[in-house]
Number of protein chains: 2
Amino acid sequence: MLSHKAKYALKALLYLAEQDENHISRTVEIADGANIPKKFLEQILLDLKRGRFVSSKQGKFGGYYLIKSKNDITLAEIHRLFDGAIALLPCASLNFYEPCSDCKTESECSLRHGLMLIRDKTLKAMEGITIASLVKK
Amino acid sequence: MLSHKAKYALKALLYLAEQDENHISRTVEIADGANIPKKFLEQILLDLKRGRFVSSKQGKFGGYYLIKSKNDITLAEIHRLFDGAIALLPCASLNFYEPCSDCKTESECSLRHGLMLIRDKTLKAMEGITIASLVKK
DNA sequence: AATTAATTCTATCGATTTACTAGACTTTAG
DNA sequence: CTAAAGTCTAGTAAATCGATAGAATTAATT
């Protein structure tokens, strides 16, 4: 399941993607438009900025805007930024790999192979969902 | 990501699936064999029993055994039993559906459609992974 | 220079969940 | 009766989640 943070991030990106080119959106505007608690959204937008999905302008008349094409922002990326690994166990993860602590001597745990199959399919599906694909509903 | 409970459940089922027909496995045996904390495993086995994956014999010389074919126990079922919904949001879930609280007036939230596509693909993949498919590695 | 309006940063908080552990109780074989 | 097994109910320490609070910084306008 997605965390609220990830869900709000998607909705915020969706909001930004729907604005006119060159429009800059204040946090409060996004919060109202996408129905997200404003102070919580502040943190999320900062995370999205650190992730280089959006950029911001400070001070009066400041706000946020997309710096990555809505066609290139995938659900997989947002999931990874806010909720981490897409795989079902760390030992089956590409980006968040960690060996299992409870898999005794064997180098590969009994679940790893099957979970990597799931990961590949889920990942492929998640890379197919972009902000652009969500906008045109 | 899978919870430890779900992971341990899979490993316990895998252990049971590897035993001879008619063999009955004590909790401590499974715990040692699959490297799972025993008291924690007790709870998990009870959950698996309530889910009708295993059954048990009480008293001396008691223990647990599979009552469902290893070909019919899928990752999807175990995920649902221990970790709930497979979909990324409740509004996109089949078995754990709940409407989003933060999706204003519209009957369908902007994310729902895309997330249902993901759910269908992930679910299909997860239904393809059975205990039997994990045993023969 | 002062004001205003925006982002940014850091801290905190209550509730819930997670991963266990403890211990009493029940059941069954011998 | 006793030993050895599952069953049930609590409890608990730590982490995570979903926010909220408030001060600091930045920038445009007056």
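The chains referred to below are lettered A, B, ... by the order of the sequence lines, with proteins before strands, and numbering in each begins at 1. Below, all heavy atoms of this structure are taken into account, side chains as well, without hydrogens, waters or symmetry copies.
When each of dA29(C), dT20(D), dT21(C) is scored by its nearest atom to the side-chain atoms of P37(A), the top-ranked nucleotide is dT20(D).
Judged as a side-chain hydrogen bond (donor to acceptor under 3.5 Å, both in side chains), and not counting sequence neighbours, the contacts of K38(B) are E42(B). In this view, E29(A) and Y15(A), H23(A) satisfy the side-chain hydrogen bond (donor to acceptor under 3.5 Å, both in side chains) rule, not counting sequence neighbours. Legend: residues meeting side-chain hydrogen bond (donor to acceptor under 3.5 Å, both in side chains) with K49(A), ordered by chain and number and at least two apart, are S56(A). Residues forming a side-chain hydrogen bond (donor to acceptor under 3.5 Å, both in side chains) with K121(B) (at least two apart in sequence, or on another chain): none. Scored by the salt bridge (charged side-chain N to carboxylate O under 4.0 Å, His left out) test, K124(B) finds no partners at all (sequence neighbours excluded). With sequence neighbours excluded, no residue forms a salt bridge (charged side-chain N to carboxylate O under 4.0 Å, His left out) with R52(A). Listed by chain and residue number, nothing satisfies the salt bridge (charged side-chain N to carboxylate O under 4.0 Å, His left out) test with K70(B) (two or more places apart in sequence, or in another chain).
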Query raised in the report: Can you give one letter per nucleotide of nucleotides 6-16 of chain D, 5' to 3': B if a protein heavy atom sits under 4.0 Å from the base, S if only from the sugar-phosphate, - if neither?
Result: SBB-B------
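In terms of heavy atoms, L134(A) sits closest to G114(B) at CD2-CA, 4.1 Å.
In this structure, I44(A) places its CD1 atom 13 Å from C1' of dT20(D), rounding to the nearest Å. Summarising the geometry, the separation between CG on D47(A) and P on dT7(C) is reported as 15 Å, rounded to the nearest angstrom. Put simply, CZ on F61(A) is 18 Å from C1' on dT25(D), counting in whole angstrom units. As a whole-Å value, the separation of L41(A) CG from dG18(D) P is 15 Å.
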Quick one: which protein N/O atoms are closer than 3.5 Å to N/O atoms of nucleotides 13-19 of chain C? Pair and distance per line, please.
from    : atom 1 : to    : atom 2 : distance (Å)
dA19(C) : OP2    : H4(B) : N      : 3.4

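The stretch residues 12-21 of chain B does not touch DNA chain D, since none of its heavy atoms comes less than 4.0 Å from the strand.
Not a single donor-acceptor pair under 3.5 Å links the side chain of R112(A) to the backbone N or O of A92(A).
Applying the side chain to side chain donor-acceptor pair (under 3.5 Å) test to pairs two or more places apart or on separate chains, those with a residue in residues 79-92 of chain A are S3(A)-D83(A).
Hydrophobic side-chain contacts under 4.5 Å tie V28(A) to no other Ile, Leu, Val, Met, Phe, Trp or Tyr residue.
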